[in-house]
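None of the values given here were measured: they were computed from a predicted structure.
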Amino acid sequence: MMRSWGCGSGWSGFGHMGWMGGFGYLTIALIAVLLVVLYMAYRANHKPNRQSSAITILDEQYATGKIDEDEYLKRKKNLTR
């Protein structure tokens, strides 16, 4: 019987390390973590500002006469705490 000159088993003689040599999995994991971090940073910077939109709605209600000045000032004070 003939023996192969490789490391024994595995693909193309890489033995137990597989086709990526071990470091490939680490590279893929680091890229995945980097993508998750970048996605989270993007989402954090592009959230709608709820307080300013609430004040905008309050301003519109006051401007259209749906609420009076006292109610407007009371609600605005609560929003800006």
Atom [atom1] in [X], atom [atom2] in [Y]: separation rounded to 0.5 Å?
X: Arg75; Y: Ile57; atom1: CZ; atom2: CD1; result: 11.0 Å
X: Leu73; Y: Asn78; atom1: CG; atom2: CG; result: 11.0 Å
X: Tyr42; Y: Leu38; atom1: OH; atom2: CG; result: 12.5 Å
X: Thr80; Y: Ile55; atom1: OG1; atom2: CD1; result: 6.0 Å

| field | Exercise: identify the closest heavy-atom pair between Asp59 and Tyr72 | value |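 Closest approach of Asp59 to Tyr72: OD1-OH, 2.6 Å.
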| task | Would you check if Glu71 and Gln61 make a side-chain contact, meaning some heavy-atom pair closer than 4.5 Å? | result |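 A side-chain contact under 4.5 Å is absent here.
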